[in-house]
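Reading through the C-alpha cells given below for one structure.
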Amino acid sequence: MIRVLFVCHGNICRSTMAEFVFKDMVKKAGMVDSFFIESAATSREEIGNDTDPRTKRKLDQHGIPYTKRRARQITADDYDNYDLIIAMDDSNIRDMARIIGEDTEGKVFRMMHFAGSERDVADPWYTGNFDVTYDDVIEGCDGLLKYLREKRLSR
C-alpha cells in the first residue's frame with residue numbers, strides 16, 4: 001500500500017482538494033486497495049475545521065466525492081507513516097521541515113513537480129480563484145498517479 005499525505009498551510013483548501021481529487025482518480029483507476037490518502041496542514045490556524053465550502057463547490061462542479069473531515073496539523077510521526085508527502089508550495093516545505101525534520105528518505109515533493117513544473121499550486125485562500133487551483137491540482141495528481149504507476153511497474 002502506498003501512503004500519500006497532501007499538505008498545505010491550513011488543510012481546508014488545496015490539500016483537501018488534492019486528497020479528494022486523488023482519491024477519485026485512484027478509484028477510477030481501480031486502485032483503491034493500493035493507496036491510503038490523507039491531507040494535513042503546516043499551521044494550526046484551521047485545526048478541527050471542515051473543508052472550505054468553496055473547495056466543496058468546486059469538487060461538486062466536477063462530480064468529485066468528498067467526506068466531512070477535520071483539518072489537522074502534520075506531525076513528526078507522519079514522516080514515518082507516509083511514503084510520499086506532497087506539499088502545495090515552497091513555504092509548506094519550509095514549515096514542514098520545522099515539524100518533521102530533514103527529509104532524509106526523499107519523501108517530500110512539491111505537487112507541481114509531478115506535472116513537470118516547479119511552480120506552486122495557486123492558493124485560493126488569497127486569490128479566491130478556485131478554478132486555477134483545481135486545474136493545478138488535477139495536473140499535479142494526474143502526474144503523481146502516472147509517476148506511481150511507472151515506479152510500481154519498474155520494480
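Remember, it's a predicted structure, so these values are computed and weren't measured experimentally.
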Quick check: do [X] and [Y] have side-chain heavy atoms less than 4.5 Å from each other?
| X | Y | value |
| --- | --- | --- |
| Thr51 | Tyr66 | no |
| Leu145 | Phe114 | no |
| Asp103 | Ile85 | no |
| Ser34 | Ile2 | no |
| Lys58 | Thr133 | no |
| Arg72 | Asp78 | yes |
| Val26 | Ile37 | yes |

Can we say [X] and [Y] salt-bridge, meaning some charged N sits less than 4.0 Å from an Asp/Glu carboxylate O?
| X | Y | result |
| --- | --- | --- |
| Lys23 | Glu19 | yes |
| Asp136 | Arg14 | no |
| Lys146 | Asp142 | yes |
| Arg94 | Asp90 | no |

Write down the atom of [X], the atom of [Y], and the distance for their closest heavy-atom approach.
| X | Y | answer |
| --- | --- | --- |
| Cys8 | Ser15 | SG-OG, 3.1 Å |
| Pro65 | Gly63 | CD-O, 3.5 Å |
| Ala87 | Met96 | CB-CE, 3.7 Å |
| Ala41 | Gly10 | CB-C, 3.5 Å |
| Cys141 | Ala18 | SG-O, 3.8 Å |

Is it the case that the side chain of [X] and the backbone of [Y] share a donor-acceptor pair, with hydrogens and angles ignored and the cut-off at 3.5 Å?
| X | Y | result |
| --- | --- | --- |
| Arg70 | Gly48 | yes |
| Arg119 | Met112 | no |
| Arg54 | Phe130 | no |
| Asp24 | Ile64 | no |
| Thr16 | Asn11 | no |

(message) As a test of understanding, state which of His9, Arg98, Met88 forms a side-chain contact (heavy atoms from CB on, under 4.5 Å) with Thr42.
(response)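 For Thr42, the side-chain contact (heavy atoms from CB on, under 4.5 Å) check succeeds only for His9.
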
(request) Using the side-chain contact (heavy atoms from CB on, under 4.5 Å) rule, pick out the option among Met25, His62, Arg69 that qualifies with Phe20. (result)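 By the side-chain contact (heavy atoms from CB on, under 4.5 Å) criterion, Phe20 pairs with just one of Met25, His62, Arg69: Arg69.
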
Gap separating the [atom1] atom of [X] from the [atom2] atom of [Y], nearest 0.5 angstrom:
| X | Y | atom1 | atom2 | result |
| --- | --- | --- | --- | --- |
| Met31 | Met1 | CE | CE | 11.0 Å |
| His113 | Tyr147 | NE2 | OH | 6.5 Å |
| Asp123 | Asn129 | CG | CG | 11.5 Å |
| Tyr134 | Thr55 | OH | OG1 | 12.0 Å |
| Glu46 | Cys13 | CD | SG | 7.5 Å |
| Phe35 | Asp83 | CZ | CG | 9.5 Å |

Verify same cluster id: [X], [Y] (apolar side-chain graph, 4.5 Å):
| X | Y | value |
| --- | --- | --- |
| Trp125 | Val121 | no |
| Val108 | Phe36 | yes |
| Ile86 | Ile12 | no |

(message) Testing the 3.5 Å rule here: is there a donor-acceptor pair between the side chains of Asn92 and Asp89?
(response)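 Side chains of Asn92 and Asp89: pair found under 3.5 Å.
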
(request) Start with the C-alpha gap between Ile74 and Leu5, add the side-chain angles, then the distance that decides, and say whether side-chain contact (heavy atoms from CB on, under 4.5 Å) holds. (result) CA-CA 9 Å; Ile74 190 170; Leu5 183 66; 3.9 Å; yes

(message) Would Lys107 pass as a cation-pi partner of Tyr79, given that its NZ or CZ must be under 6.0 Å from the six-membered ring centre and within 45 degrees of the axis?
(response)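 Output yes; distance and angle both within limits.
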
(request) Kindly determine whether Ile100 and Tyr82 satisfy side-chain contact (heavy atoms from CB on, under 4.5 Å), including the steps that lead there. (result) CA-CA 12 Å; Ile100 65 173; Tyr82 288 88; over 6 Å; no

